[in-house]
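Lettering follows sequence order; numbering is per chain, from 1. Since the model is a prediction, treat every value here as computed from it, not as a measurement.
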Protein chains: 2
Amino acid sequence: MAIAIAASSEVCYVWRMPRKTDARANAIATAQRLFRIQGYTATGLTQIIAESGAPKGSFYFHFPRGKAQLAEEAIDHYVASRIAVLRNISADTAGDARKFIRQIFRTFAAEMVASDFQYGCLMQNLANELPALDAELTKRVARGFVDSTEVIAQHFRGCGFSPAHASSAASALVAALEGARTIARLERAPSVFKALAEVSVQRCSPPEQG
Amino acid sequence: MAIAIAASSEVCYVWRMPRKTDARANAIATAQRLFRIQGYTATGLTQIIAESGAPKGSFYFHFPRGKAQLAEEAIDHYVASRIAVLRNISADTAGDARKFIRQIFRTFAAEMVASDFQYGCLMQNLANELPALDAELTKRVARGFVDSTEVIAQHFRGCGFSPAHASSAASALVAALEGARTIARLERAPSVFKALAEVSVQRCSPPEQG
DNA sequence: GCCATACTATGGTGATCACCATAGAAGGGC
DNA sequence: GCCCTTCTATGGTGATCACCATAGTATGGC
């Protein structure tokens, strides 16, 4: 097959060699971790490469567009896993908005405790450094929030919320989660998640709920 | 007066020369603005000095401890003005929790619109770069949140909330405000403030409120 | 065995980082 | 008029930044 393809000059590596190392995946995972802890600008490529253990010089082979490309792939990875978590919680609490909200706050709080309050949200960290980001990266961050919000709104609609109400409630919940992360990191305590969970849950309990 | 004071050797500049320039205040204001837009690490001293218009070389005369000291003074300034704003709103809406909350969201949203969604919260930006901050600066950021929260809690107590309820409601409100800022910057629209205001207000309206 | 591809390895690019040493100018106290 | 203090001005420090040029190794197709 290589012959047939080699003749076509357009695409030159279609046949994929068996993956030899996981240097690329390691770099993305390390970048995601460090960006979450330190932020985008404060994290140097030197540190990412060093901590990823992967060979140093080959970085621009895997990421020819450099740091920006690495961040793009890191955020894609992050958003995908965050959405997967939300979908799981949604499935576990189908039709029950209060249980859904409580479970989300509990899950996020647990994640922060597990990291000893070191990890922030990758999307939030990038959002706070917008001028350092190129257009493509900014778009992905914004899209990450939109997609996350949509998963939550979908669950609320499944609880009988009107589409408009579901959207605004989802938007409020996402914002509350982001804010809680900031506070929790400073307080090194998950109490703010508890406070916000109560506030958010009370909202959908009153008689006129629908 | 200068004679009498000059005799005391302990303090050597009590008598204050007439302030010749406002280079120092300019540097703090410029730092605050840039830190809010770009973040702490991403903002270089070079840029601060250049944009502040003040003379370049004299920076370490005014801020002998360098960037960290500048950030400390910037955040002190920021926290003080934020608390003043909250106190004003509190006084204008005494005894009315719902009005208080709505007015806060409206004020913060207006500030974001006025800056064309460029300004983040200085405390939040610093909180997201904790590893780059020294202990003193971290302490001031944390204290800024505690003090802001206390102003809000105080208002809630004045509305008849129990102390515990007032504290957790205030904590939730602060977190919601921070999260809303992040989202609003990306969406370049204040709608998330509106959504959160509705959610937060509904909480204190149901029959059992107290 | 040969070659193309996949990946590693080294060393260095100019630019920018925070920071500082040193010296000069401006102005009031005496 | 001299001095001390406040403030300005210049130029450069070593370190680190993202990025890249070049060469070497490993592996599978043929």
Quiz item: What integer distance in Å separates B/Gln69:CD from C/dC19:C1'?
Solution: 13 Å
Quiz item: Without hydrogens or angle criteria, can the side chains of B/Thr30 and B/Glu51 be said to hold a donor-acceptor pair below 3.5 Å?
Solution: no
Self-check item: Short side-chain N/O contact from A/His62 to OP1 or OP2 of C/dA6, under 4.0 Å
Solution: no
Exercise. Go through the structure and list residues passing side-chain hydrogen bond (donor to acceptor under 3.5 Å, both in side chains) with B/Arg106, not counting sequence neighbours.
Key: none
Quiz prompt | Spacing of A/Arg24 atom CZ relative to C/dA6 atom P, expressed in whole Å | solution = 13 Å
Exercise. Find the distance A/Leu70:CG to D/dC19:P and express it as a whole number of Å.
Key: 10 Å
Exercise. Let me know the distance between CZ of B/Phe61 and P of C/dT22, rounded to the nearest Å.
Key: 18 Å
Exercise. Report, as a single string ordered 5' to 3', how protein heavy atoms within less than 4.0 Å touch nucleotides 12-18 of chain C: B base, S sugar-phosphate only, - not at all.
Key: -----SS
Quiz item: Please give, in whole Å, the distance from D/dC20 P to A/Arg65 CZ?
Solution: 12 Å
Self-check item: Results of side-chain hydrogen bond (donor to acceptor under 3.5 Å, both in side chains) for A/Ser90 - residues two or more places apart only
Solution: A/His155
Practice problem: Determine yes or no for a side-chain-to-main-chain donor-acceptor pair under 3.5 angstrom, with A/Lys194 supplying the side chain and B/Ser168 the backbone. | Solution: no
Quiz prompt | Integer-rounded Å distance: D/dT8 C1' and B/Phe63 CZ | solution = 15 Å
Quiz prompt | Under-4.0 Å salt bridge between A/Glu111 and A/Arg36 | solution = yes
Quiz prompt | Between P of D/dG11 and CD1 of B/Ile49, the distance in whole Å | solution = 16 Å
Quiz item: Taking B/Arg185 for the side chain and B/Ile37 for the main chain, is one N or O donor matched with an acceptor at less than 3.5 Å?
Solution: yes
